[in-house]
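Given the structure is predicted, the values throughout are model-derived calculations rather than measurements. Just so it is clear: chains get the letters A, B, ... in the order the sequence lines come, proteins before strands, and each one is counted from 1.
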Protein chains: 2
Amino acid sequence: MYPNGMIELSILGFLYDEPLHGYELRKRVAALTGHVRPIADGTLYPAIKRLERDGLLERDPQPGAQAAPKHVLTLTAAGRAELRRRLAEPDEPFITDENRWFTMLAFLRHLDEPALQAGVLRRRLAFLTEPASFFWDGDRPLRAADFDDPFRKGLFTIATATSRTEIGWLRETLAALGA
Amino acid sequence: MYPNGMIELSILGFLYDEPLHGYELRKRVAALTGHVRPIADGTLYPAIKRLERDGLLERDPQPGAQAAPKHVLTLTAAGRAELRRRLAEPDEPFITDENRWFTMLAFLRHLDEPALQAGVLRRRLAFLTEPASFFWDGDRPLRAADFDDPFRKGLFTIATATSRTEIGWLRETLAALGA
DNA sequence: CTCATAATCATCGTCTCCGAGGTATATATC
DNA sequence: GATATATACCTCGGAGACGATGATTATGAG
């Protein structure tokens with residue numbers, strides 16, 4: 001459906017709070033994910049157009065002194081519903097891919113039912129606690145100690161440490177949401 | 001140049017060790033990054049073709065009892081050089097994007113000069129130690145304490161913890177490489 | 001014996017991404 | 001007065017990602 005869609009999620013997420021024009025949107029998206037992968041005009045504006053075409057947002061031209069007239073973008077009711085839908089039933093990559101997952105976290109508060117929020121966190125927790133390895137020798141998963149080179153060792157060290165931290169946070173937050 | 005290129009890096013990386021046929025390659029790539037984003041045949045085989053077209057690998061059909069005859073893929077000298085080049089001078093996303101960076105770590109040992117390896121680690125270290133924030137209020141970077149919602153707080157908590165772990169590992173490993 | 005799954009490779013169409021290029025004004029700097 | 005930078009939007013073309021679909025044979029389960 002939306003094979004990449006991280007930018008679309010960001011747009012919907014930022015506009016859910018308040019109407020913005022494209023240029024301001026670009027700055028916010030750049031702050032959120034730009035350090036990982038910079039956002040290009042050629043990516044943002046077509047994405048806005050897609051969302052408009054699909055009836056998820058409307059644009060109001062604002063007369064003004066600017067070179068190109070600002071277009072204030074506002075989510076429609078369908079757009080607001082679509083954001084909640086994408087947050088409540090994310091495609092797998094939004095759970096497994098860290099960049100997409102972080103974008104989910106940035107906007108998950110817009111899903112105002114704690115039960116739905118908890119459902120999403122539980123999916124992430126299930127993914128992180130599932131046994132996995134980066135390398136295999138036949139059926140045997142290889143572990144840090146199986147490697148001589150410090151880089152593959154580091155890969156395991158970092159992956160394990162970061163997932164442990166996040167698992168802790170997920171358990172705490174799930175407990176808080178249940179209460 | 002190679003705008004996404006993570007799959008190409010994996011292919012070059014795995015073949016650097018030993019010739020493999022496509023199906024086996026698919027399993028290894030799937031183990032390395034498939035949990036994050038599954039690898040589709042429609043992605044892998046065209047990527048192999050590109051690399052062949054560019055003279056980076058050669059394929060030898062193996063007669064056998066299989067349905068479709070295996071093609072054993074071997075890196076050419078140009079392919080081996082190209083892997084080392086991509087490892088030594090990675091495009092920015094290979095430093096900043098965690099998925100690509102992990103792929104770098106998986107194969108960085110193939111860059112056999114410690115000075116070059118250290119250069120790459122230093123770029124990652126510079127990226128991680130650079131001050132950054134996900135959200136801003138005008139010019140002021142917002143921090144975990146500025147948010148009420150637990151998800152954005154979690155975003156900061158997790159990002160900070162994981163980057164601290166990795167910074168530690170980078171410093172240690174850089175010290176070891178220097179010695 | 002049948003049915004499913006693993007093994008093995010391939011293509012096609014659709015969508016998204018992204019860099020490059022384009023236009024125009026206001027403001028700040030030199 | 002000139003030059004750069006920020007503001008503000010847009011398009012086009014090339015390339016990659018990916019799901020769908022397809023084909024054949026061996027093996028294992030029921």
Cation over ring face, Arg152(A) and Phe134(A), 6.0 Å, 45°: no

Axial cation check for Tyr16(B) ring with Arg80(B), 6.0 Å and 45° limits: yes

Spatial distance of atom CD (Glu113(B)) from atom CZ (Arg84(B)) [nearest 0.5 Å]: 9.0 Å

Gap separating the CZ atom of Arg28(B) from the CD1 atom of Ile11(B), nearest 0.5 angstrom: 13.5 Å

Flag for Trp169(A)-Thr173(A): side-chain donor and acceptor within less than 3.5 Å: yes

Ile39(A) CD1 to dT16(C) P, straight-line distance once rounded to whole Å: 14 Å

Distance, nearest 0.5 Å, that separates CG of Leu15(B) from CD of Glu58(B): 12.0 Å

Residues touching DNA chain D, which here means a heavy atom under 4.0 Å, drawn from residues 16-32 of chain B: none

Spacing between Ile11(A) atom CD1 and dC9(D) atom C1', to the nearest angstrom: 14 Å

Selected nucleotide, minimal atom distance to Ala40(A) side chain, candidates dC9(C), dC18(D), dC18(C): dC18(C)

Contact check, side chains of Phe135(A) and Asp146(A), non-hydrogen atoms, under 4.5 Å: no

Donor-acceptor pair (no angle test) under 3.5 Å: Asp41(A) side chain, dC9(D) base: yes

Whole angstrom value for the distance that separates P of dC17(C) from CZ of Arg37(A): 10 Å

Salt bridge (Lys or Arg N to Asp or Glu O under 4.0 Å) between Lys49(A) and Asp54(A), intermediate numbers included: CA-CA 9 Å; Lys49(A) 276 213 156 157; Asp54(A) 296 344; over 6 Å; no

Atom pairs and distances, side-chain donor-acceptor, residues 115-128 of chain A, under 3.5 Å, sequence neighbours left out:
residue, atom, partner, partner atom, Å
Gln117(A), NE2, Leu108(A), O, 3.2
Gln117(A), NE2, Leu111(A), O, 2.7
Arg123(A), NH1, Pro90(A), O, 2.9
Arg123(A), NH2, Pro90(A), O, 3.1
Arg123(A), NH2, Glu92(A), OE2, 2.6
Arg124(A), NE, Glu166(A), OE2, 2.7
Arg124(A), NH1, Ile95(A), O, 2.7
Arg124(A), NH2, Glu166(A), OE1, 2.9

Residues from residues 42-61 of chain B lying under 4.0 Å of DNA chain D - heavy atoms: Gly42(B), Thr43(B), Arg50(B)

Atom-to-atom span, CG of Asp97(B) to P of dC18(C) - whole angstrom: 11 Å

Whole angstrom value for the distance that separates C1' of dC17(C) from CE of Met6(B): 15 Å

Nearest-angstrom distance from the residue atom NE2 of His71(B) to C1' of dT24(D): 13 Å

Between dC17(C) (C1') and Arg100(A) (CZ): distance, integer Å: 11 Å

Length of the line joining Ile7(B):CD1 and dA15(D):P, which is rounded to integer Å: 17 Å

